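Remember, it's 1-based here, ligands and their atoms both numbered in the order they're listed. Position 1 is the first residue of the sequence, and the numbers go up from there. This is a predicted model, so every value here is computed, not measured.
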Amino acid sequence: MSSGKAEVSPRVEKLLASMTPAEKIGQLIQYFYFQLPESDVDSGLPERQTDLVEQALAAGRAGSLLFVTDPATSNRLQRQAVAGSAHGIPVLFGFDVIHGLRTIFPVPIALAASWNPELIEQAQTVAAREARAVGIHWAFAPMVDIARDPRWGRMIEGAGEDPFLAAAVAAAQVRGFQGSHLGADEHIIAGPKHFAGYGAAVGGRDYDEVDLSDQELWNTYLPPFQAAIDAGAGNIMSAYMDLNGVPATGNRWLLHDVLREGLGFEGFVVSDANSARDLETHHFAADLPDAGVRALNAGLDLEMTIVEPAYGHLDEALADGRVDLERIDASVRRLLAVKEALGLLDNPFVDEDAARVTLADPAHRDAAREAAEGSAVLLRNEGDLLPLAATSVQKLAVIGPLADSKRDTLGPWIFDYDLEETVTVLDGIRSHLEQPTVEVTYAAGVPAFARKYPSMFDMWGDGSRADENADAEAELANAVRTATEADVAVVVIGERQDMIGEHASRASLDLPGNQLALLQAVVATGTPTVVVLLSGRPLDLRWAQENVPAILQVWYPGTRGGEAVANLLFGQAVPGGKLPFSWPRTAGQIPMHYAHTRSHSPENQGRRYWDEESTPLYPFGHGLSYATFEYANPSVSAASVGRDESVTVGVDVTNTSGQDGVEVAQLYLHQRYGSSSRPVRLLKGFQRVPVAAGQTIRVEFTISPAERRYWSSATRDWVLDATVFDVWVGTNSEAELHTEFTVQR
Ligand code: GLC
């Protein structure tokens, strides 16, 4: 169990003691270093932002930089930093290494859908290796924000709605990024974010305020942060938004009482971009100097900023007593300790030749393909249309603009990727069916479609897109003709990569750009149709669920995504992913999550609306395979246990098919009575189990007091009730196989 603390050596203490207050304050400022293709002025940034940064480096007033991915630039700026610092202190380079750097892995929600901590750890190990090779020391990841409102675009960056799954994913990501310890070779600091509660933005509107009860914070939103901290995360990033009326970045209760005392975090805290300056924007701080004082006194160590820093005014605040030197020293000490742990005080430079070799490692691309295969979720497969038998297909139609878009195959939060090497779904199917007997045809079917309002990332250009001015009728007619002439149609639909992620909330879950009409026209031809979905949030699939036999969610599958999709469609890979969220039928049901309480009339839970079901289209934990599994013979190691004792639940899992497969067996608990009304079900165990065709294996879960403990608003403290627990084990959150046990007084 670690707490993210970098040990403070005598060398660091001596260095700290030799620094002036102005030098110390300089260490607490982190600048973006934007290298925009066009002049910064076009991008709305004042003057040339890079000049501002290089002036700060020369004056020893920058302790960290972000948005540098080129090793030569990293070395150049590092030389400037060392030269500008009176004690030769190098800068810490941080970056958004969210799902890969040069090798792009499936987006984080996809990795979570694998329910495979080992796969997730491996993905972030590769990402860390590439990042460290180019001079990046720290990832602003994992994003561990629980998301129960899919209108919020950043759900793609997290692990969904459930704290138990999200905690396992968070810990796996931290292990992947950091390795065995802070400063491990070819590893980087993990920076879980955004502390805390950001995913509960009202209306799913990114950046908007959050109001969360203490019980929601402690039982739902904080456990993934606790898991990341216990896994040793060296950094935490504070969130943008107001939490219960106080901006997270200036919230002493949050950043000190909760984070330091409640969760035991001992690493360093960075703000989100400009979120310290934003304390004035929120009308919380009186002005920029006040914003700096409020943030520092709340517990913020490092200010991330694009332009003039609020911390640039701390010199006066120190002089007039609004902040004290001891508080500044505490932050500087944490950052110097991290720099020493990473070896930067001895050698802060990178080997540019070695970086090129690491970035080109073919093993990384293979790992990305395997991660894409392990993340896909088979939502429907009526009549076992999948896997397709290449021998029975002479002509296969691939339809939809997303099928042929490299950028949309990669998803958001990508910067140092190689677009040309990216394998789209169309590319993957074509290369998979290379024998001449199978003809692969393609039709976009709809003109390229776009957001109503531009993405914040447009400054990097939106790359490959089909023609937005194409003739819609002609496109559709061509798609219908292409489907009619084919034995099978693979329709690739979803959202463009700029329709999901930061600043990408939306008010509906409809398929954008007339894609539903395209799908309906293709199905109307009578050609057997498979839907391949590229999305990072649930979309309205009600019509598809009724009319399309096979639906495969492949998320944004990354650099080798098309290869993975082809392997899944033709059976060289078997889908085994499970949904990390409940899939609403329509936006009107939001928020929709499985861990609700019984409340009044539980028998009518599915009919809470008179105009629509109030159940999800697909439940949390749902995911089919080409194999089929059955559960039987549940058992408990004891019918009754003491409060501090564990109980073991066992169950048989049988593969009733002729296809080997991997099943994610899930265990859910419900407490029948106690200090609070508890959710009808809570995930409290899962195991990925390979089961060969026709075989049965016994799976066991241990339920310790930790899985039964929760924070009660009745006692305003953590409780372990004496009560009766219902236990369900099965293939998703609607599992019916039941047993129970009692916890004695
Ligand atoms: C962004 C995001 C944060 C990211 C940071 C640096 O606005 O909120 O997740 O790490 O700024 O890019």
Heavy-atom gap Glu157 to ligand 1 smaller than 4.0 Å: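 Flag not set, Glu157 not near ligand 1.
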Does Phe95 come within less than 4.0 Å of ligand 1, judged by its heavy atoms?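 In this structure, Phe95 fails to qualify as a contact of ligand 1 - no heavy atom is under 4.0 Å.
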Does the ring centre of Trp413 sit less than 6.0 Å away from the ring centre of Tyr556?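 When the ring centroids of Tyr556 and Trp413 are compared, they turn out to be at least 6.0 Å apart.
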Examine the side chains of [X] and [Y] and answer whether a donor and an acceptor come within less than 3.5 Å of each other.
{"X": "Ser331", "Y": "Asp301", "answer": "yes"}
{"X": "Ser505", "Y": "Asp206", "answer": "no"}
{"X": "Arg129", "Y": "His187", "answer": "no"}

State the atoms of ligand 1, each with its element, that fall below the 4.0 Å cut-off from a heavy-atom position in [X].
{"X": "Lys193", "value": "3 (C), 4 (C), 9 (O), 10 (O)"}
{"X": "Met237", "value": "10 (O)"}
{"X": "Phe67", "value": "12 (O)"}
{"X": "Tyr240", "value": "1 (C), 7 (O), 8 (O), 11 (O)"}
{"X": "Phe140", "value": "10 (O)"}
{"X": "Ala273", "value": "11 (O)"}
{"X": "Arg154", "value": "2 (C), 3 (C), 8 (O), 9 (O)"}

Basic-acidic side-chain contact under 4.0 Å: [X], [Y]:
{"X": "Arg506", "Y": "Glu495", "value": "yes"}
{"X": "Arg148", "Y": "Glu161", "value": "no"}
{"X": "Glu130", "Y": "Arg102", "value": "no"}

Check whether any N or O atom of Tyr198, backbone or side chain, sits under 3.5 Å from an N or O atom of ligand 1, and answer yes or no.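 No - when backbone and side-chain N and O of Tyr198 are compared with those of ligand 1, no distance drops under 3.5 Å.
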Is Asp96 close to ligand 1, meaning an N/O of one under 3.5 Å from an N/O of the other?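 The answer is yes, given that Asp96 and ligand 1 share an N or O pair closer than 3.5 Å.
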Check: residues 176-185 side-chain donor-acceptor pairs under 3.5 Å, at least two apart:
| unit_1 | atom_1 | unit_2 | atom_2 | d |
| --- | --- | --- | --- | --- |
| Gln178 | OE1 | Ala190 | N | 2.9 |
| Gln178 | OE1 | Gly234 | N | 2.8 |
| Gln178 | NE2 | Gly232 | O | 2.8 |

Return the residue, atom name and 0.1 Å-rounded distance of the protein heavy atom closest to atom 1 (C) of ligand 1.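 Among all protein heavy atoms, the one nearest atom 1 (C) of ligand 1 is Glu502 OE1, 3.3 Å.
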Please write down residue, atom name and distance for the protein heavy atom closest to atom 11 (O) of ligand 1.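 Heavy-atom neighbour on the protein nearest atom 11 (O) of ligand 1: Asp272 OD1, 3.1 Å.
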Under 4.0 Å, heavy-atom basis, I'd like to know which part of Met143 is in contact with ligand 1: side chain, backbone, both or neither.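 Answer for Met143: neither.
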What orientation do Phe581 and Trp555 show, parallel under 30°, tilted 30 to 60°, or perpendicular over 60°?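 Judged by the thresholds at 30° and 60°, the geometry between Phe581 and Trp555 is perpendicular.
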